[in-house]
Amino acid sequence: MTIQLYLQGKFEYEFSDLNFQSVFAGRGIEPSSSHTEVSEKDTDLALSDLYMILANVTNGGGKRITKGNRTVTEKSYSFGITDRVNFRNEANRLRLKWGEESLTVTNVKFANLYGR
């Protein structure tokens with residue numbers, strides 16, 4: 001199993017090839033490597049990068065594809081504030097495990113654009 005398939009298997013969300021290319025290039029991981037050839041450290045840090053992508057992804061998906069009389073709907077996804085905080089916390093936990101700087105954002109305020 002390649003490292004890309006191994007990491008994708010850790011998530012229900014389907015990352016794009018560009019997501020994986022960016023993570024692997026940033027971490028110096030060869031995408032075609034077997035997951036057993038990649039160190040625990042590199043695997044954890046790539047996993048932390050994927051968690052950060054999840055923390056910043058926009059909600060959506062759910063595209064409908066119609067072929068003849070058949071309609072297929074892809075999964076949609078929606079991550080709330082708590083989900084995003086948990087993704088960032090897990091990313092930071094993995095980074096701290098290996099001595100990397102934690103990425104934290106403080107004093108973030110969310111604006112209600114609908115006046116409610």
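Any value given below was found using the heavy atoms of this structure, including those in side chains, with hydrogens, waters and symmetry copies removed. In what follows, residues are counted from 1 in the order of the sequence shown.
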Closest contact, heavy atoms only, T2 versus S32:
CG2-O, 4.1 Å
Which atom pair, heavy atoms only, marks the closest approach of R84 to A55?
NH1-O, 3.1 Å
Can [Y] be reached from [X] by stepping across I, L, V, M, F, W or Y side chains whose heavy atoms are under 4.5 Å apart?
X	Y	answer
M1	F11	yes
L47	L5	yes
I29	W98	no

Keeping to residues at least two apart or across chains, list the ring pair (Phe, Tyr, Trp, His ring centres under 6.0 Å) pairs with something in residues 25-44.
Y6-H35
Check for a donor-acceptor pair, side chain of [X] on one end and backbone N or O of [Y] on the other, with a separation under 3.5 Å.
X	Y	answer
D42	V38	no
Q8	F15	yes
Q21	P31	no
D83	G80	yes

Roughly how far apart are [X] [atom1] and [Y] [atom2], rounded to 0.5 Å?
X	Y	atom1	atom2	answer
D49	L54	CG	CG	11.5 Å
F79	Y13	CZ	OH	7.0 Å
L45	S39	CG	OG	8.0 Å

I'd like to check [X] versus [Y] (side-chain heavy atoms, cut-off strictly below 4.5 Å). Are they in contact?
X	Y	answer
K97	E40	yes
I53	V23	yes
L94	E90	yes

Return the set of residues passing side-chain contact (heavy atoms from CB on, under 4.5 Å) with T36 (not counting sequence neighbours), or none when no residue passes.
S34
For E100, the option from R27, R93, K41 that meets salt bridge (Lys or Arg N to Asp or Glu O under 4.0 Å)
R27
No-hydrogen, no-angle side-chain donor-acceptor test under 3.5 Å, N56 and R88:
yes
Which residues pass the ring pair (Phe, Tyr, Trp, His ring centres under 6.0 Å) test with F24, sequence neighbours left out?
F20
